Amino acid sequence: MYVAVKGGEAAIEKAHRLLADRRRGERTVPALTPEQIVGQLSLAVDRVMAEGSLYDSELAAMAVRQARGDLIEAIFLLRAYRTTLARFGVSRPIDTAAMRIERRVSATYKDIPGGQLLGPTFDYTHRLIDPAMAEDLPVEEPARRPSSEETALRVTDILNSEGLIEPDARSESEPGDLTRDPVSFPAGRDLRLQALARGDEGFLLSLSYSTQRGYGRTHPFVGEVRIGLVDVEIDSPELGFAVKLGSIRVTECQMVSQFTGSAEEAPRFTRGYGLVFGQSERKAMAMSLVDRALRADEFDEQRLAPAQDEEFVLAHCDNVEATGFVEHLKLPHYVDFQAELDLLRQLRRESHPLQHEEETQEAAE
Amino acid sequence: MSDPILSVRDLERRYASFIGCTKVSFDVWPGEVVAIVGESGSGKTTLLNCISGRLERSSGSIRYRMRDNRFPDLAELSEAERRFLMRTDWGFVHQSPAEGLRMRVSAGANVGERLMAVGERHYGRIRETASEWLQRVEISPDRIDDQPVAFSGGMRQRLQIARNLVTHPRLIFMDEPTGGLDVSVQAKVLDLLRGLVTDMSLAVVIVTHDLAVARLLSQRIIVMKNGRIVETGLTDRVLDDPRHAYTQLLVASIPES
Amino acid sequence: MTLPAYNFAYLDEQTKRMIRRAILKAIAIPGYQVPFASREMPMPYGWGTGGVQVTASILGPDDVLKVIDQGADDTTNAVSIRAFFAKTAGVATTTRTAGATVIQTRHRIPETPLKAGQILVYQVPIPEPLRFLEPRETETRVMHGLEEYGLIQVKLYEDIARHGHIATTYAYPVKIEGRYVMDPSPIPKFDNPKMRNSPALQLFGAGREKRIYALPPFTEVVSLDFEDHPFSVQRFSQPCALCNATGVYLDEVVTDDRGGRMFVCSDTDHCETRQADGHRGPGLPQTQQEDAA
């Protein structure tokens, strides 16, 4: 006799118990602490904060642990938590020119005021798995340059002083926020940048790569990539001045791209911009390439490639949305499937009535 | 009839620093076929796209005679009115049928789409009309359920024509309608077009680089170079007695047939 | 570290107000998709985040909530969403259609007719009925704005030309009050007639796509068709094997590996209620049919 499947509740409960077991792993091995994750898997934490749109390394580390190292799942955890937070204020724009720089490279000038600083980079390491990683060997203290109050001029400011590049767009208007207001197309650059900053690193990487291979070429040069700490300040109406809340680490990329001009304006370089939480050069560079590609209309460029298509890029760059919808296919669909089955059987009956008759006869035999 | 159906004045379209077309003025009368000729880069396609509402103009005016005899600038029409015009009163035949057809939708639906867009909801009637139109453009009605991907280039172009004419439009824009076809196929499509244009007394603006096409279809010619009109007149006069040096060059470059 | 306690029904009051405004607008323009600033919810997109946000915004402490997926209260996702609201809102839950004030659903409309005062909340994956014909939002919004619905009719035409029938069996497009074409969410077309003139309020939430739309009570809902190929619903040739119900939507259940099949109500509450009332289907043990076959 048939009994309908029951007990979804009990099954879920047991599945979660098993998940907790697998997450913990071998009990004789000490559990990871958030401090360890923040300290030793810091780039994973940075990515989760960047795409989770929430700068909190401890929460991000907890999310990474809870997600068993699945970063998109960790991003999702952080995003869901972010939903519940009240918004108590809006900071002033951060000033990346005043950044306390940890790394800064330019591909457009050999030497620049403030210097090229390699910082903690994988570049120029040989990708050989280091046997030392199997053990906990002592690590040398890093060499430090004498701290200076000098700030490093941004490369785009150098170009701008000659008028060779489009200037920073100054605007007093409030930037949009796609987490608070629905997006309508065309979205505008503020919302595009926000979407890209939250967007999936892999998706943006591939899109930006496609622009280099001819699908929306922008002839890019890395004007500058800089990583470091910037202050976050908030205007205090009571005090009448801005108050520093703390510092955050960000990566900024200014991509200098092909020049444009018109009857009214002399030709000059254009820019693509990337800014992400934490240290993520790959993401910031990819973002700046895609930003520039998306500005095609501004410069009267033909829009043919996916990376130039605002609606396409914005609608598909969010990995929390993407993973949810792709994975929802495993939810039951049997009501709709039943409807399709019925139709298919009917169509087969109508298109080959004889054959169907034979089949039923065979089945009856 | 003494009133033009389409009237273009001082039309200009710029792309950033360079000029697509400028200082273009001309009229089209009901039932008249006007050919715009010139080499590639002369601005003829830009002009066609501007007057058919597919490309925004930078300045100038484009007026169209509505069925109720109003004569508004297209910019005065609402988006809804413009779109309605495009799927009822106007047609656009692209050089590449793939642009003007739904390649993965049956021939019947391609022809029937405009009917459904204006509210026809009877499957049998839509099919009947589609079938008649297929015959009119010399496609066997047996092919009504086949997709254009299975059609030859000439058939696709004829299907595109049928799709445009099913709502009995008054003005058709054509962009090199025979440009992508073999010479032997071209003749058949041109012949068909000429017949339909006469039977339905359509006004047509046709862009072509092929002076033979212009001679066969049009009553009047506009010659363009570098975004400007250099010569205009009755087709026979312009082709037999070109006055502008550029037109003379164009005419001289065609081998006598 | 300790995380702060969550608000009633998870969402903060600001967010709820924003969603309620979208709902009110949706009710004012039946069938029109109202954009809203969908929040990230603690369940994945595509798993009912739109429905959950709508439910969270309309739920009060006195409400009685029912959640179904595929017509059943005990499917895993339904269990999970019901547990979410039991935990975050502490509301009473039920599996009885008649006893619920708010019913959140995925893919079905309950068989028991809804009453005035009840609210049915649909989870919607793709709210745009024109999406698979035209992928661009900028284009489809204009099409709705100008009532350009020829393309969707082309799709139905193609179905008939190819199969002899309209071959859309679920998420079957409907026209609301003669104006907007609407996606009813992936309910089987069998359920389409239940939307029309329902005394209940029907709300549709699409979280990932950030759209809310609504059918106020007693709204005209017409399934698109041709005059000579009118809309029709699925019919099942046998009654429910458990409760003997006819005129209801049935799930096909594979009973063994020798091609054995049986058909039972997709709406589990409806089936159980009928069985409790003494209705016995042919699939229950006291009949001899199975042995005879």
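The structure presented is a predicted model; accordingly, all values stated were derived computationally and were not measured.
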Original post:
Picking from Asp145(B), Val105(B), Leu115(B), which has the most non-hydrogen pairs under 4.5 angstrom with chain C?
Top reply: Val105(B)
Original post:
If you count the non-hydrogen atoms of other residues, nucleotides and ligands that lie under 6.0 Å from CD in Glu56(B), is the total more than 12?
Top reply: no
Subject >> Heavy-atom contact with chain C under 4.5 Å, split by part of Arg82(B) >> reply: neither
Subject >> Exam field: side chain Asp228(C) to backbone His122(B), donor-acceptor pair closer than 3.5 Å >> reply: no
Original post:
When rounded to the nearest 0.5 angstrom, what is the spacing between CZ in Arg125(B) and CD in Glu227(C)?
Top reply: 5.5 Å
**OP:** Using a cut-off of 6.0 Å, state whether more than 12 heavy atoms not belonging to Arg235(C) lie near its atom CZ.
**Re:** no
**OP:** Identify which of Arg102(B), Arg83(B), Glu113(B) forms the greatest number of heavy-atom pairs closer than 4.5 Å to chain C.
**Re:** Arg83(B)
Original post:
Pick from Leu156(C), Asp225(C), Val142(C): which one has the most heavy-atom pairs with chain B under 4.5 Å?
Top reply: Val142(C)
**OP:** Hey, can you tell me if His229(C) and Tyr123(B) have their rings parallel, tilted or perpendicular (30° and 60° cut-offs)?
**Re:** perpendicular
Subject >> Straight-line distance of Glu120(B) CD to Phe226(C) CZ, nearest 0.5 Å >> reply: 9.0 Å
Original post:
Minimum heavy-atom separation for Ser106(B) to Tyr157(C), with atom names?
Top reply: OG-CE2, 3.7 Å
Original post:
Are more than 12 heavy atoms from other residues, nucleotides or ligands located less than 6.0 Å from atom CD of Gln14(C)?
Top reply: no
Subject >> Spatial distance of atom CD (Gln147(B)) from atom CZ (Arg162(C)) [nearest 0.5 Å] >> reply: 6.0 Å
Subject >> Value rounded to 0.5 Å, distance of CG in Leu224(C) from CZ in Arg121(B) >> reply: 7.5 Å
Subject >> Glu81(B), part contacting chain C, at a heavy-atom distance under 4.5 Å >> reply: neither
Original post:
Counting N and O atoms only, with roles assigned by atom type, does the side chain of Gln153(C) sit under 3.5 Å from a partner on the main chain of Ala117(B), one being a donor and the other an acceptor?
Top reply: no
**OP:** Kindly check if the number of other-residue, nucleotide or ligand heavy atoms within 6.0 Å of CZ (Phe84(B)) is above 12?
**Re:** no
